[in-house]
Amino acid sequence: MLRSWSKAAAAALVVLPICAAAFEAVDVLVPASSGLYPAYPGDPAAPYSVWAQAGVMYDSNALRRTSGNNRELTTRVGAGGRLEQRVVGRQGLRLEGRIDGYLYDRFSELDNIAYAALGEWRYELGNDLSGALGGSRRRFQASLAEIQAPVYDPVDETTLDGTVRYAIGPHLAVRGAGHWIDYVRPSRPFANTRTTIFGGGIDYITNIGNAIGVEVQHAQGDAPVGQLVDPLGLFVNNDFRQNEVAVLGTFGVTPSIRVTGRYGRTTRKYTELPGRDFSGPTWTVVGQWFPTAKTVLVVESSRYISSIIDVGASHMVARGYAVGPGWAVTAKLNLQARLLRQHQWFEGDPSFALGLTPLRQEYVRGYRLGAYWEYTRRLHYQLAFDHGERESNILGRNYRYNAGVAQARFVF
């Protein structure tokens, strides 16, 4: 519980809007043998894996504009790998990395190379103390749903992470975590943030795997460059302090129904323009129902506050839900679908806090259909269809798109 929730908390502070990148429609697909379905438990993870992939995507509105001819054919070629190895006794090393090249047929200005790398040292001291120390680095293109232009706009993310867990007997454990996140976007220096997060909690785990815990977190955001607010010519500092107290747990309601989630209260305060401050309930809940050993229905609901590196607003509040079934037709073929909706309030925008512009509100809706076919143990195929639309109260930000993706992956 420690690792999953601490990393989820870090990710929640800086996230991308949903329906932003259609290639994600195949990236989230999992094989039938992944262990999701009771009928196919899956093999133990190998100590290492290396893969290469190539895919093509047709997008009817790649620039996410209200009108115009914005269709695009994009090719993605990439490779990656993972290594998990015991080094000395119980001490282990985890390494992951990938690199992807994107080639655009019409908007060649967007051609780019993206990468991600992670290194983590997993330690165990005695039978009760364990944790991990690591860091990561990645580069990606800023969301075209936000910039709405064929402009190469890279974002660099660097993180340092540390976790610790101490078991007080077989059922009780205390834990702590620290994260440092640095975002750099040269085109919008006022969006650059360095966020430090510290947290701790206590968990109780039953004999059958149910768990409940309490968690406290404190985040401090540093934005070195002030944001220029026109037409006043005023520079506004976006430094903030954020605190959260939450209850979290995972429960097997029945043998076929499992619920995991967290519910808490989050407070964010800015050093300047306190009219942007936020205080309210936040949550993330995921429920899984397995009506048969080969099928699953997943329901998700969330409300959270997050900094958005792609957006001018220093934070947004988002509330949404998603629902979708999965069907492992055979041990090699998995079909998935997802319907999603999200309401976004951009309350952190200094222009809104100063009364210069109305509060920006947007509804993002979409659905996805996907198939993952393990043709052989080494050769995998992925197909997906993605539809998305956005409704905004700001002129020129409405869009609708359809995208289809086909990809082949070879696992060495």
Side-chain angles (χ1 to χ4, degrees), residues 4 18-19 21-46 48-60 74-82 98 100 209 250-260 285-301 320-341 365-388 401-412:
S4 61
I18 59 176
C19 292
F23 262 116
E24 182 189 339
V26 293
D27 291 338
V28 298
L29 296 176
V30 297
S33 61
S34 64
L36 173 64
Y37 300 97
Y40 307 112
D43 299 326
Y48 70 91
S49 64
V50 179
W51 53 265
Q53 66 184 20
V56 177
M57 174 181 68
Y58 173 79
D59 195 319
S60 65
T74 308
T75 301
R76 182 177 72 171
V77 179
R82 173 189 60 85
R98 65 178 294 168
D100 295 286
T250 178
F251 305 95
V253 182
T254 71
S256 60
I257 299 177
R258 192 156 195 88
V259 178
T260 300
V285 180
V286 180
Q288 293 179 317
W289 175 41
F290 296 88
T292 71
K294 292 186 176 183
T295 56
V296 64
L297 179 66
V298 180
V299 180
E300 306 170 46
S301 174
Y321 69 84
V323 59
W327 178 27
V329 183
T330 69
K332 294 185 175 296
L333 178 61
N334 183 31
L335 304 179
Q336 294 177 249
R338 191 170 189 242
L339 175 69
L340 46 88
R341 176 188 173 98
R365 309 178 186 90
Y367 63 85
R368 291 171 176 170
L369 307 173
Y372 195 114
W373 180 28
E374 291 183 86
Y375 179 69
T376 67
R377 292 187 67 87
R378 296 190 180 277
L379 186 58
H380 302 178
Y381 295 103
Q382 298 156 288
L383 299 173
F385 174 80
D386 189 16
H387 169 81
Y401 74 89
N402 294 299
V405 188
Q407 180 171 273
R409 169 177 287 203
F410 187 82
V411 181
F412 295 91

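The first residue of the sequence shown is numbered 1, and numbering continues consecutively from there.
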message: Can you tell me how the ring of Y367 sits relative to the ring of F385, calling it parallel under 30°, perpendicular over 60° and tilted otherwise?
response: tilted
query: Taking C-beta and beyond as the side chain, do V259 and V253 meet within less than 4.5 Å on heavy atoms?
result: yes
- prompt: Do you see a donor-acceptor pair shorter than 3.5 Å between the side chains of R368 and Q336?
  reply: no
query: Measuring from L297:CG to I257:CD1, what's the distance to the nearest 0.5 Å?
result: 10.0 Å
message: Does any part of the side chain of V405, heavy atoms only, come nearer than 4.5 Å to the side chain of F23, both counted from C-beta?
response: yes
- request: Check whether any side-chain N or O of Y37 sits under 3.5 Å from a backbone N or O of W327 as a donor-acceptor pair, and report yes or no.
  value: yes
task: Taking all heavy atoms of E374 and all of A331, pick out the closest pair and write down the distance.
output: OE2-O, 3.9 Å
field: Name of the residue among V323, L36, V286 meeting side-chain contact (heavy atoms from CB on, under 4.5 Å) with V298
entry: V286
- prompt: Excluding sequence neighbours, so at least two apart, what forms side-chain contact (heavy atoms from CB on, under 4.5 Å) with A337?
  reply: P325, L369
- request: Check A32 against L333 and note the closest heavy-atom contact, atom names and distance.
  value: CB-O, 4.0 Å
message: Is the distance between the ring centroids of Y375 and H380 under 6.0 Å?
response: no
- prompt: Between the side chain of R82 and the main-chain N/O of A46, is any donor-acceptor distance below 3.5 Å?
  reply: yes
message: Between Y381 and L379, is there a side-chain heavy-atom distance shorter than 4.5 Å?
response: yes
- prompt: Does one side chain, of N402 or Y58, offer a donor that lies under 3.5 Å from an acceptor on the other?
  reply: no
message: For W289 and V296: C-alpha separation, side-chain torsions, deciding distance, then whether side chain to side chain contact (heavy atoms under 4.5 Å, CB included) applies.
response: CA-CA 6 Å; W289 175 41; V296 64; over 6 Å; no
- request: Would you check if M57 and Q407 make a side-chain contact, meaning some heavy-atom pair closer than 4.5 Å?
  value: no
Min side-chain heavy-atom separation V26-R409 under 4.5 Å: no
- prompt: Hey, what do you get for OH (Y321) to CD (E300), rounding to the nearest 0.5 Å?
  reply: 12.5 Å
message: If I take atom NE2 from residue H387 and atom OG from residue S60, how far apart are they, to the nearest 0.5 angstrom?
response: 9.0 Å
- prompt: Is the number of heavy atoms from other residues, nucleotides or ligands under 6.0 Å of W51 CH2 greater than 12?
  reply: yes
task: Please test Y372 against K332 for side-chain hydrogen bond (donor to acceptor under 3.5 Å, both in side chains), starting from the C-alpha separation and ending with a verdict.
output: CA-CA 8 Å; Y372 195 114; K332 294 185 175 296; over 6 Å; no
- line: Nearest heavy-atom approach of P31 to N334 is C-CB, 4.2 Å
message: Assess the residue pair R338 and D386 against the criterion (salt bridge (Lys or Arg N to Asp or Glu O under 4.0 Å)); give the C-alpha distance rounded to whole Å, side-chain angles, the decisive distance to 0.1 Å, and a yes or no.
response: CA-CA 10 Å; R338 191 170 189 242; D386 189 16; over 6 Å; no
message: Within this structure, what is the CZ-CD distance for the pair F410 and Q53, rounded to the nearest 0.5 Å?
response: 13.5 Å
- prompt: How far apart are the closest heavy atoms of Y40 and T330, and which atoms are they?
  reply: OH-C, 3.5 Å
- line: Here the gap from L29 atom CG to E24 atom CD, rounded to the nearest 0.5 Å, amounts to 10.5 Å
message: Can you confirm if the NZ or CZ of R258 lies within 45° of the ring axis of F251 and under 6.0 Å from the centre of its six-membered ring?
response: no
